[in-house]
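Note that ligands are numbered from 1 as they come in the structure, with each ligand's atoms numbered from 1 the same way.
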Amino acid sequence: MSVPPERQWQRAVAMLTGADRVALACHVAPDGDALGSMLALGDALRSRGTEVVASWGGEPFEVPAAYAFLPATDLLVPPWNFPAEPELFVTLDSGSPDRLGTLGDRVRTANCTIVVDHHATNTRYGGVHLVDDEAAATAVLVAELVDRLDVELSQDIAAALYTGLLTDTGSFRYPSATPAVHELAARLLATGIRHDLISRAIYDTAPFGWIELLGQACATARLDVAAVGGLGLVWTVVEAGDLAASGLGLADVEGVIDVLRVAQEAEVAVVVKADPIEGGWKVSTRSKGAVDVGAVCAALGGGGHLFAAGFTSDDDDADTTLARLRAELEAAPHLPT
Ligand code: AMP
Ligand code: MN
Ligand code: MN
C-alpha cells in the first residue's frame, strides 16, 4: 500500500462536493496531526458552504491547551451530539475503527465513510480510502484534498496543516521530513502564518507543574542496556498520583517521551502513563530505527508507525504491562540501520 490511486481521490472529491453535510472524526486523545488534519478539512469544507461537524469519541473532550490556537474549533461537537447516521463520515489519522472510540460504530451506520490516514496498519474499514503509509502526516493528504476541492489555502487552513506536519515529523527531524514535506511546509509558511508562535504553543509553553512532572519522570527513569537483545531500553512510569499532583491531564504528558528518547544507550524509549479517566495504562514507545515498535505494539493490541507507536493495557500495575512489552521487544527482529 502506498499512494492512493487517482480513482479514490476522484471518488472522495465527488462525495465531498456532493454532500450537504459532512461529519468528521479523528482518533481519541487527538494529537497535532489528528486535530490539525480534521480542522483543516472542516474549515475547507465549510468555506464551500458545507455543513460540518467534527469530533473524537473519547474523554476528555477538550482541545489540549497546546492546540488551543487551532482554527475552526467552533466546528467541534461532543461525541454524544455527533450524528448517529451521518450522510458522509470522514475519519482522519485513525488506522482502525477502535481508534475512533465511541464514534467507531459510525463506520457501520454512516451512508458512506472516507478514510484519510497514513498508518501502515490501516485496516481499510471505509468505502473510500485516501491512505498512504508513506505520507509523513495525515495533513499531507488533507493538503492535497484541499487543493483538489479548489479551496484557497487560507492562513487558518495552513496553520492547521502545518501543525500536523510539525508534530508528526518531530519538528522536521524524522526521516519522514522529505524534500516534498519541506516544500509543502514552505507553501504553508508563504501564506504568512506565524510558525514561531505555533511551535512555541506546542513545544515551548507549559505550566510549571509540567517541569515538576518531567523531573519526577526523569528521576524515576531506568536504563537497561541489555534489554531489546542488547540494543538498550530506557523507560519510566507516570503514576496517577504524579499526574494529579502536577494538576495536568494525560495529554500534557506527551512530551515526556521526547526527553527520554535522548538517552544514547537505548534504542527504545517507553513511557507508561496511568489513564486517570479510563483507568489502565497508555503506553508510548519510540525507537531510533533498529526496531519496528509499530509491530511490537500491534502485537499488544495497539499500533502506530515503525518508530513511534503505542498501546493501552488494563493490567493492575505498570510492571505487568512493562514485562509484556519487554518480552515482545526481546522477540522483535533487528532492522538494518
Ligand atoms: P503516542 O505515543 O501516543 O504519541 O503515539 C505514537 C503513535 O502510535 C501514533 O501514531 C498513534 O496514533 C499510535 N498509537 C498510540 N496509541 C495507540 C493505540 N492504543 N492503538 C493504535 N495506535 C496507537
Ligand atoms: Mn495521530
Ligand atoms: Mn498522523
Name of whichever N/O/S atom of Asp168 is nearest to the Mn ion (ligand 3): OD2
Thr220 and Thr236 side chains, donor-acceptor separation under 3.5 Å: yes
Note, Val225 side chain near Leu223 side chain (heavy atom, < 4.5 Å): yes
The Mn ion (ligand 2) - name of the N/O/S atom of Asp31 that sits closest to it: OD2
Under 3.5 Å: donor-acceptor pair, side chain of Thr321, backbone of Asp319: no
Contact check: His118 to the Mn ion (ligand 3), N/O/S below 2.8 Å: yes
Arg106 side chain to Phe82 backbone, donor-acceptor under 3.5 Å: yes
Lys273, any N or O under 3.5 Å of ligand 1 N or O: no
Heteroatom test (N, O or S) for Cys26 near the Mn ion (ligand 2), limit 2.8 Å: no
N/O separation below 3.5 Å, Glu254 to ligand 1: no
For ligand 1, the portion of Arg286 having any non-hydrogen atom under 4.0 Å away: side chain
Protein contact to atom 7 (C) of ligand 1 [nearest heavy atom, distance to 0.1 Å]: Ala308 O, 3.4 Å
For Phe311, atoms of ligand 1 separated by under 4.0 Å from a heavy atom: 16 (N), 19 (N)
Candidate pair Arg46 and Asp156, rule salt bridge (Lys or Arg N to Asp or Glu O under 4.0 Å), full reasoning: CA-CA 12 Å; Arg46 175 164 60 181; Asp156 276 354; over 6 Å; no
Test of proximity, Ser284 against ligand 1: N or O pairs below 3.5 Å: yes
Contacting atoms of ligand 1, where contact means under 4.0 angstrom from a heavy atom of His305: 10 (O)
Proximal atoms of ligand 1 relative to Ala309 (non-hydrogen, under 4.0 Å): 2 (O), 6 (C), 7 (C), 8 (O)
Check: Ala309 main-chain N/O paired with Thr285 side-chain donor or acceptor under 3.5 Å: yes
Distance-only donor-acceptor check, side chains Tyr125 and Ser94, under 3.5 Å: no
2.8 Å cut-off met by an N, O or S atom of Asp93 to the Mn ion (ligand 2): yes
Contacting atoms of ligand 1, where contact means under 4.0 angstrom from a heavy atom of Gly304: 8 (O), 13 (C), 22 (N)
For atom 12 (O) of ligand 1, the protein heavy atom that lies nearest, with its residue and separation: Arg99 NH2, 3.1 Å
Donor-acceptor pair, side chain of Asp117 and main chain of His119, under 3.5 angstrom: yes
Metal check, the Mn ion (ligand 3) vs Asp33 N/O/S, cut-off below 2.8 Å: yes
Interatomic distance, Thr138 atom OG1 to Asp93 atom CG [nearest 0.5 angstrom]: 3.5 Å
Nearest-0.5 Å distance, CG of residue Leu24 to CG of residue Leu45: 6.5 Å
Side-chain donor or acceptor of Ser246 paired with backbone N/O of Gly209 under 3.5 Å: no
Closest approach of any protein heavy atom to atom 23 (C) of ligand 1, naming residue and atom: Gly303 O, 3.4 Å
